[in-house]
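These notes concern the structure reproduced below.
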Amino acid sequence: MPPDSANKQRMVISTPASDSEWFSKIRRWMSLHPYWTLTLVMLVVLGPFLTKPFNIDDPLFIWAAQNIQAHPTDPYGFQVEWGWTQFSMWKVTENPPLVCYYLALAAGVFGWSELALHTALLVPVLAAVLGTYRLARHFCSHPMLAALATLSTPVFLVSSLTVMCDMTMLAFWIWAVVFWVEGTEQDKIGKLFVAAGLITLAELTKYYGACLVPLLAAYSLISRRPVRHWAQCLLLPLAALLVYQLITQALYGSSLLHNAMEYASFSKNLFGFSKAQTGLTALAFTGGCAAVAAIFAPLLWRTRTLTIVISTSVVATAVLFMGETIWNKYSLIQGATRTAVEIQTVVWAAGGLSLLLLAVTDLRQRRDPRSWLLALWLLGTFVFVALLNWTINARSILPLTPAVGILIVRRLEIKDILKNGPWRRSIMFSVAASLTLAMAVLQADYLVAVAVRQNAREVCAEYRHRVETLWFQGHWGFQYYMSTAGASPLDIRRSALKPGDALVVPANNTNIRPLDPRAADLVEIYKMSGPWLLTTCDQRMGSGFYASVLGPLPFAFGSVPPEMVSVFILKSLPQPIAPN
């Protein structure tokens, strides 16, 4: 061989593979190892945030788990200060205790640290991701894309790093649907009974899991399956729920499911939002929490359809925000302008409309049992969020995210975009943009929790040994870390306040009672920087990810104020805070 030819051959061998070759290799590996791929993506995305401080209602689940370790047959048999005074835990909680038992078991092995509990709860997160892939294989030709779209929603990522019950319930939910669909199509009664067992676990994790019974019954009827082949399976979760109610009635003298329903009705009347306001907020929350539908919208719809969706959102927002009524409900919004809140409402409400349109369009075009299942799944969850739940929140929207991912792929299939090479980059860009936004929301939620914990620790380190008693108002993660550091929650009916005691009041929290300015001196304000341009739960910004009573947006962009707590020294007045 001539020397030049040998050199050329060596040059060809040492030349790195082109981008298209690497991309093809990655796609091939992903197609051959889908479960490992999804596991790796989940760990890469969530791994940096596993030390997230406990926040919002996390303490309720931790306290119940701690009580379970001491009294395993009485999960809610203790007192908790949650709402200005002490209540029995069974009156405070609105969920069954299954996830608390899991936390008690995990903590018994690994301890009670944030890292230990969040890592333990990666198991249901992974189960939800892999279950979505398994289910999507029955509904579309690109299940990996459906699973990634589900994972790339803000509500999925944020819910993955709480110790509340929502993600665990979703894992049971998805696999119940998987086994029911497979059992129905393959006519295997064993899989139907497995699905029934998973429904039972879902409803004992969160009451909403019981909605699987009518959903899967409707799917079976639409599939024209004989009732005698599947009806007996659905009796198992109904019987389990009845037994649970009898047990809690015997333990606490009250039906906890009935209490949860009463609380939802009471709260909706208390906050007093109109049906139109609630509907718009539900659309905005749905569109924001499942923002992947809004980001994919240009690929899913024609320009005319997009124009109609956006115009409808603009008109609805303008009409409802025109008066002062809705602004009076959110009088604490100070860190964002009205225009900024309205623009974000328009964007996410349009995303919510697009999402609902996905379900309706898929049903109209296919008219098969699977399209009915997806439509009832998504629309039923939206109706529950908008009309039945005590407040609109992201946690209640979480169950529809797998249906959203699957519907997006089914819509792309109808439009033949997935077979069209030039569109692949647009699809990849949309997934990347969705994941970027979801991770930004996750980081914002993480930074809020970090700032809350840091404020609590610094205040306690400074004042715990300077005063006889360090009291505090507020709940959520702030209460957890204040109590852990030795401070005492203020009970307006029972606490024996004395002159010289210190009282700490957070600015961004719940159940805060104003002080009589004559009864206390403000001595110090702690400020801790949290997220910068995006926040999930700050009534000053209009963001109410965990409860729309705090704001009309699931998350808000803008100049986020720092997390602040004020320290007061009590004076010699009989009652600095008026009781109810």
Side-chain angles (χ1 to χ4, degrees), residues 49-67 78-84 86 89 92-93 100 103 106-107 110-121 158 161-164 442-467 469-491 495 501-513 524-531 535-539 545-547 550 560-568:
F49 303 98
L50 288 176
T51 57
K52 177 189 172 186
F54 303 129
N55 201 17
I56 310 301
D57 287 349
D58 286 346
L60 293 177
F61 292 85
I62 295 172
W63 294 331
Q66 291 171 341
N67 186 69
F78 62 99
Q79 297 288 309
V80 60
E81 200 284 311
W82 197 264
W84 303 314
Q86 282 194 359
M89 180 61 175
V92 174
T93 187
C100 301
L103 291 173
F110 302 109
W112 293 99
S113 71
E114 295 91 341
L115 177 61
L117 296 187
H118 286 312
T119 301
L121 285 172
V158 174
L161 288 176
T162 73
V163 299
M164 294 182 272
L442 172 60
Q443 184 184 40
D445 195 64
Y446 174 88
L447 292 176
V448 168
V450 169
V452 169
R453 180 181 63 184
Q454 190 63 25
N455 269 336
R457 287 179 172 177
E458 290 192 5
V459 169
C460 288
E462 180 68 23
Y463 284 91
R464 179 66 187 89
H465 301 291
R466 288 174 53 181
V467 297
T469 307
L470 178 63
W471 304 96
F472 67 90
Q473 292 197 70
H475 299 297
W476 299 340
F478 183 75
Q479 177 173 358
Y480 180 83
Y481 290 105
M482 290 291 289
S483 298
T484 302
S488 301
L490 177 66
D491 185 326
S495 295
D501 287 350
L503 175 61
V504 184
V505 182
N508 182 35
N509 210 284
T510 186
N511 291 335
I512 303 295
R513 295 295 298 272
E524 192 168 3
I525 297 178
Y526 284 75
K527 296 182 180 181
M528 186 60 59
S529 297
T535 186
T536 54
C537 191
D538 194 326
Q539 52 193 335
F545 190 89
Y546 297 98
L550 301 175
V560 183
E563 289 293 319
M564 297 188 298
V565 295
S566 302
V567 182
F568 297 87

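Excluded from the calculations below are hydrogen atoms, water molecules and symmetry mates; all remaining heavy atoms, backbone and side chain alike, are included.
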Q.
side-chain contact (heavy atoms from CB on, under 4.5 Å), that's the test. Do Trp112 and Gln66 meet it? Break it down for me.
A. CA-CA 9 Å; Trp112 293 99; Gln66 291 171 341; 3.4 Å; yes
**Q.** No-hydrogen, no-angle side-chain donor-acceptor test under 3.5 Å, Trp471 and Asp501
**A.** yes
Q. Is the backbone of His475 close enough, under 3.5 Å, to the side chain of Asn509 for a donor and an acceptor to pair up by distance?
A. yes
Q: Write down the atom of Phe472, the atom of Ala487, and the distance for their closest heavy-atom approach.
A: CD2-CB, 3.7 Å
Q. What distance separates Phe478 CZ from Ser483 OG, expressed to the nearest 0.5 Å?
A. 9.5 Å
**Q.** With sequence neighbours excluded, residues passing salt bridge (charged side-chain N to carboxylate O under 4.0 Å, His left out) with Glu114
**A.** Arg453
Q) Do the ring planes of Tyr526 and Tyr463 sit parallel (below 30°), tilted (30 to 60°) or perpendicular (above 60°)? A) perpendicular
Q) Going from CG on Asp57 to OG1 on Thr162, what distance comes out if it is rounded to the nearest 0.5 angstrom? A) 9.5 Å
Q | Interatomic distance, Leu121 atom CG to Leu50 atom CG [nearest 0.5 angstrom] | A | 10.5 Å
Q: For Tyr480 and Asp58, run side-chain contact (heavy atoms from CB on, under 4.5 Å): C-alpha distance rounded to whole Å, both residues' side-chain angles, the deciding distance at 0.1 Å, then the answer.
A: CA-CA 9 Å; Tyr480 180 83; Asp58 286 346; over 6 Å; no
Q.
So which atom in Gly111 and which in Leu117 form the shortest heavy-atom distance, rounded to 0.1 Å?
A. O-CD2, 3.9 Å
Q) Residues in side-chain contact (heavy atoms from CB on, under 4.5 Å) with Ala451, at least two apart? A) Met528, Glu563
Q: Please tell me if the side chains of Pro506 and Met564 come closer than 4.5 Å, counting only heavy atoms from C-beta onward.
A: no
Q. Shortest non-hydrogen contact from Pro531 to Val560?
A. O-CB, 3.5 Å
(Q) Taking the side chain as everything from C-beta on, heavy atoms only, tell me whether Met164 gets closer than 4.5 Å to Tyr546. (A) yes
Q: Using modelled atom types only, decide if a donor and an acceptor are shared between the side chain of Thr93 and the backbone of Met89 within a distance under 3.5 Å.
A: no
Q. Would a 4.5 Å heavy-atom cut-off, applied to side chains only, mark Asn455 and Val452 as touching?
A. no
Q. Going through the distances and angles, do Val80 and Trp63 end up as a side-chain contact (heavy atoms from CB on, under 4.5 Å)?
A. CA-CA 9 Å; Val80 60; Trp63 294 331; 3.5 Å; yes
(Q) Test of understanding: with ring pair (Phe, Tyr, Trp, His ring centres under 6.0 Å), list the residues that count as partners of Tyr446, not counting sequence neighbours. (A) Phe49
(Q) How close do Trp82 and Val92 get, counting heavy atoms only, and between which atoms? (A) CD1-CG1, 3.6 Å
Q: Starting at OG of Ser488, measure out to CG of Leu503 and round the result to the nearest 0.5 Å.
A: 11.0 Å
Q) Is there a side-chain contact between Pro561 and Asp538, using heavy atoms and a 4.5 Å cut-off? A) yes
(Q) Rounded at 0.5 Å granularity, tell me how far CG in Asp445 sits from OG1 in Thr535. (A) 8.0 Å
Q. Shortest non-hydrogen contact from Gly477 to Asn55?
A. N-OD1, 3.4 Å
Q. Taking side chain as C-beta onward, heavy atoms only, is His118 less than 4.5 Å from Lys52?
A. yes
Q: Show the numbers, then the answer: is there a side-chain contact (heavy atoms from CB on, under 4.5 Å) between Ile525 and Val567?
A: CA-CA 6 Å; Ile525 297 178; Val567 182; over 6 Å; no
Q) What is the distance from atom OG of Ser566 to atom NZ of Lys527, rounded to the nearest 0.5 Å? A) 9.5 Å
Q | Whether Gln479 side chain and Glu81 backbone form a donor-acceptor pair below 3.5 Å | A | yes
**Q.** Heavy-atom closest pair, residues Asn508 and Cys537
**A.** ND2-O, 2.9 Å
Q) Can you find a pair of side-chain heavy atoms, one from Tyr481 and one from Pro53, that are under 4.5 Å apart? A) yes
Q) Are the side chain of Gln473 and the backbone N or O of Val504 linked by a donor-acceptor pair below 3.5 Å? A) no
